Structures are given as structure tokens and as C-alpha cells.
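First the proteins, then the strands, lettered A, B, ... as listed; each starts at 1. It should be emphasised that the depicted structure is a prediction, and the values quoted were computed from it without experimental measurement.
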There are 2 protein chains.
Amino acid sequence: MTNESLIFKKFLARRDLRFTPERKAILEAVFDTHRHFDADEMVELLHKQGKKISRATVYRTLDLLVKGGLIRAMELGEARKVYEHIIGHKHHDHLICTGCGRIIEFDDGLIELLQQKVCDRLNFQAETHSLRMFGRCENCR
Amino acid sequence: MTNESLIFKKFLARRDLRFTPERKAILEAVFDTHRHFDADEMVELLHKQGKKISRATVYRTLDLLVKGGLIRAMELGEARKVYEHIIGHKHHDHLICTGCGRIIEFDDGLIELLQQKVCDRLNFQAETHSLRMFGRCENCR
DNA sequence: ACTCAATCTGAGATTGAGTCTCAATTAAAA
DNA sequence: TTTTAATTGAGACTCAATCTCAGATTGAGT
């Protein structure tokens, strides 16, 4: 049993929700994918694997994975939301190249610290944050 | 002639686009509004003022104002894009209360500086950025 | 002022990601 | 086994945003 399965099961149990075969299959497909993906890509991937799971269930389960803190949803300038793993990955933010669509991840502890200071100063209790910089990567500038 | 009119006219002229009565009315309505607004609110506001301007034209003109650097579009956690002025306003980022929807603006020069350093380090030429922190404001925590 | 090519507009159709509905199914507890 | 509640799938629905295209408007050139 993988780490993420345990965490997801615990999350579901806490809410009287069930670890169904569909949720298991989606969880596994999500954690087998080591890049950003969107909901409809996940539907397609599951169908390619012969798993007949409806769009509605995929959307619902991705929401659960977000609520459970296993994955993170982001808007990277496109219409669709994309997702990435949280578990087993250090927090990071994104540079988004408006030329080629490339996503560059970075993290900077000092920026995070200063963000926290801003929140403290304004008496705000941050739960999540999103820092995105849009521009040109080295290949496109 | 206001500052923003001059800038918008110049932007349009540079692209062989016209400063039509509709675009003028939208520009004025936008800069008379001193808070965040979305496209459909702007349509409604114009209609209340007796200006019969179509949704399509409002959407198109807001895009032009963004391209021209007069206003900025953001996603603040809701489905709709919201807009705010850029001209005459210092750059800032946002705290978004997930309890009451309140938007708190802040700016922190040191964070901006560190963002620039990240871009320099990764050879990335940033054009815009967006830093949002979601959580609970002092009234909702 | 007139012509003409290019831009602009409005009404409504269309798109598309995401959500909702509800009947049938499945899981788990009693 | 019975009962109760959660779950699923198919497709309808929502709604912000975009697109279409015919007719109107603009402005440069004459």
C-alpha cells in the first residue's frame, strides 16, 4: 500500500467516504503521472487503460484529492485547471513561458518567509498561496 | 483629455485601431470605477447609464485595455476574471479571504526584488506576475 | 464631400470546462 | 439479510467567454 493510498484512505474514512475501485484507479493514475495534467487528460488516460470511469467521477475525485492535500490545482494561464502532486514534493512556485508554454518550477525560502511576514502584519491567516511569473524563458526571449 | 484616454488612443493608433464612441464609453466607465469589477458588471453599468453597448464589445475592449497596459485581469478564486486599474496605481498583490471574499491589497518591495533575483538566476524575463494568498482575514479566522 | 477598403459593432450562436441530476448500483453497518 | 447511505454514470445543464457574419462606421485618399 503506497503512502498516498494510506493518506487518501484516512482522509476518506474521516469523512465517512469510501475508497472505491474508481477512486483507487484515479489515485493510482494520478500518482503514476509525473507532470502537470488536467482533468480531461486524466479521463482519457484512464480510458486508454481500459478503465471506464466517467468524467463526473474523475472531476469529483480530483476535488477530493485536492481537499485531502494530495494534489494541488493551479491556473497556469490556460483555460483549464492543471494539477500536480503535493505529497513527496517540496512546495514550489512557477515561471510560465508565454512563448512556448514551458513551466519552470522554483522555490525560494526567503520569499516564503516574507510572505508570512506580510500575513502577520495584516493579521491574515494564509492557507495556500500561488506565485506565478509570466514571461519569456531563455529559449524564447 | 485624461491621461488614460491619451494612452489608449496612442495604443490603438499604433495598431491601426480606432477610438470609437463605444471604446471611449467603456474606457470612461472603467476609470470611473474605483474597485475590482468583472466584464458583465461593466456591461450592466453601461446599460444603466443608457449606453447600449453589447457584451461582445465590452469583452473585446477590456482585452484591449489589458493589452495596452491600462488595466490588469486577475482570477481571485471565483470563476470570473476581475479587472483593476494599472495606470495611476502602484503595483500590488492580493490576500483573498475564503471566508467573506474580502480582497486585501499589499505590496512588498523586498518580495518583488527577490522575485527578480529568481528570474535572473533562471534566465527568465518576467513580464507580469501574480502573487495571491488565500486564507482567512481577521474577521473570519 | 465622395469613394472605398478596412475596421467595428451587435445579436445571437457556439464553445468548453466544470457542475448537477437522478435512477440504478454498491458498500458497509446492524 | 436488511437497511441506510454513499457512489456512480450518462447526459443535461451552466455560464463565462468567444466567435460569426451581415450591416454600420471610420478615415485615408482623392
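One atom, CG of D40(A), and another, C1' of dT19(C), lie 13 Å apart when rounded to the nearest Å. Following rounding to the nearest Å, L62(A) (CG) and dG18(C) (C1') show an atom-to-atom distance of 12 Å. With rounding to whole Å, E44(B) atom CD is found 12 Å from dA16(D) atom P. To the nearest angstrom, P of dG16(C) lies 12 Å from OH of Y59(A). Counting to the nearest Å, the P atom of dT8(D) and the CG atom of L46(A) are 12 Å from each other. Distance I26(A) CD1 to dG9(D) C1': 12 Å, rounded to the nearest Å.
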For this session: Take F134(B) and L76(B) through the side chain to side chain contact (heavy atoms under 4.5 Å, CB included) test and state the conclusion after the steps.
Result: CA-CA 9 Å; F134(B) 298 89; L76(B) 295 184; 5.8 Å; no

Problem set entry | side chain to side chain contact (heavy atoms under 4.5 Å, CB included) between L131(A) and Q115(B), intermediate numbers included | CA-CA 9 Å; L131(A) 169 56; Q115(B) 285 176 9; 3.3 Å; yes

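Contact annotation: the side chain of R141(A) approaches that of N123(B) to within less than 4.5 Å [non-hydrogen atoms, C-beta and beyond]. For the pair C100(B)/N139(B), no side-chain contact is recorded, criterion being any heavy-atom separation below 4.5 Å from C-beta on. Inter-residue side-chain proximity for V30(B) and F37(B) is flagged as met; some heavy-atom pair is nearer than 4.5 Å. You'll find the side chain of L27(B) reaches within 4.5 Å of the side chain of S5(B), heavy atoms only. Using a 4.5 Å heavy-atom cutoff, the side chains of I96(A) and F124(B) are not in contact. Side chains of D107(B) and E112(B) form no contact here, defined as non-hydrogen atoms less than 4.5 Å apart.
Of the candidates H92(A), H34(A), H89(A), H92(A) is the only one forming a side-chain hydrogen bond (donor to acceptor under 3.5 Å, both in side chains) with E84(A).
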Hey, what are the protein-to-nucleotides 28-30 of chain D N/O distances that come in under 3.5 Å?
none

Please list each protein N or O that sits under 3.5 Å from an N or O in nucleotides 8-11 of chain C, with the distance.
| residue | atom | partner | partner atom | Å |
| --- | --- | --- | --- | --- |
| dC8(C) | OP1 | R18(B) | N | 2.5 |
| dC8(C) | OP1 | R23(B) | NH1 | 2.6 |
| dT9(C) | OP1 | T20(B) | OG1 | 2.5 |
| dT9(C) | OP1 | E22(B) | OE1 | 3.4 |
| dG10(C) | OP1 | K52(B) | O | 3.0 |
| dG10(C) | OP2 | S54(B) | N | 3.1 |
| dG10(C) | OP2 | S54(B) | OG | 3.0 |
| dG10(C) | OP2 | T57(B) | OG1 | 2.6 |
| dG10(C) | N7 | R60(B) | NH2 | 2.9 |

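For dG29(D), the paired nucleotide is dC2(C), the pair qualifying as Watson-Crick or G-U wobble because both relevant distances are below 3.5 Å. Taking a pair to require two hydrogen-bonding distances under 3.5 Å in either a Watson-Crick or a G-U wobble arrangement, dA29(C) pairs with dT2(D). Look at dT7(D): its Watson-Crick or wobble partner, with both distances under 3.5 angstrom, is dA24(C).
D38(A) comes within 4.0 angstrom of nothing in the nucleic acid, heavy atoms only.
Contacts with DNA chain D (heavy atom under 4.0 Å) in residues 66-86 of chain A: none are found.
The distance between the ring centers of H91(A) and H129(A) falls below 6.0 angstrom.
Open room surrounds CD on E78(B); 12 or fewer heavy atoms of other groups in view lie less than 6.0 Å from it.
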